[in-house]
Amino acid sequence: MPQFVIERNMPGVGNSSASDMQQASKTSCDVLRELGPDIQWVHSYVTDDKIYCVYRAPDESMIREHAQKAGLPADSIARVRTVINPMTAE
C-alpha cells in the first residue's frame with residue numbers, strides 16, 4: 001500500500017500536554033476506524049509548530065478525507081517513493 005508523509009502546520013503544538021496529544025490521537029483513531037482498513041496511521045513526529053505524520057492509504061484523497069473528518073490540517077501530502085537509511089550507503 002502506498003505510504004504518505006503529511007505535514008500539519010499547527011503553531012505551538014510542541015507545547016501541547018500529554019492529555020491533548022492523547023485526545024488528538026483518539027480522535028484520529030476514531031476516524032480511522034470509521035474509514036476502514038484501507039488507511040493506517042504509522043506514526044507522527046511532533047515539532048514546535050508542525051506534526052509530520054506517516055500514513056498508508058490507497059491514495060491522497062483518503063488522507064484528505066481523514067484530515068477533514070478528524071478536524072486536522074493537511075497542508076502538504078507527499079507520496080513516499082523510496083525509504084533510505086545509513087545501510088543504503090553500503
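Along the sequence shown, residues carry numbers from 1.
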Quiz prompt | Distance in Å, M1 CE paired with D59 CG, rounded so as to fall on 0.5 Å steps | solution = 10.5 Å

Quiz prompt | Check: D75 side chain, R8 main-chain N or O, donor-acceptor pair, under 3.5 Å | solution = no

Quiz prompt | Close side-chain approach of P2 and E60, heavy atoms under 4.5 Å | solution = no

Quiz prompt | Geometric class of the W41/Y55 ring pair [parallel <30°, tilted 30-60°, perpendicular >60°] | solution = parallel

Quiz item: Do side-chain atoms of D30 reach the backbone of R33 as a donor and acceptor pair under 3.5 angstrom?
Solution: no

Quiz item: Got a second to check how far R56's CZ is from M62's CE, nearest 0.5 Å?
Solution: 15.0 Å

Quiz item: Shortest non-hydrogen contact from R64 to A74?
Solution: NH1-O, 3.3 Å

Exercise. Kindly compute the distance separating OG1 (T47) from CE (M10), expressed to the nearest 0.5 Å.
Key: 10.5 Å

Quiz item: What heavy-atom pair brings D49 and V13 nearest, and what distance separates the two atoms?
Solution: C-CG1, 4.0 Å

Quiz item: For the atom pair OG1 (T27) and CG (L32), what is the distance rounded to the nearest 0.5 Å?
Solution: 11.0 Å

Self-check item: P73 vs N9 side-chain heavy atoms within contact, under 4.5 Å
Solution: no

Quiz item: Minimum heavy-atom separation for E65 to L35, with atom names?
Solution: OE2-CD2, 3.4 Å

Practice problem: May I ask you to decide if A24's main-chain N or O and S28's side chain share a donor-acceptor pair within less than 3.5 Å? | Solution: no

Practice problem: Please round to the nearest 0.5 Å and tell me the distance separating atom CD1 of I6 and atom CG of L72. | Solution: 10.0 Å

Self-check item: S17 side, atom OG; Q23 side, atom CD - distance, nearest 0.5 Å
Solution: 10.0 Å

Quiz item: Is the number of heavy atoms from other residues, nucleotides or ligands under 6.0 Å of Q22 CD greater than 12?
Solution: no

Practice problem: Grab the two heavy atoms, one from G14 and one from V46, that are nearest each other, plus how far apart they are. | Solution: CA-CG1, 4.1 Å

Exercise. Indicate if F4 and V31 have the same hydrophobic cluster label, given that clusters are the connected sets of ILVMFWY residues with side-chain heavy-atom separations under 4.5 angstrom.
Key: yes

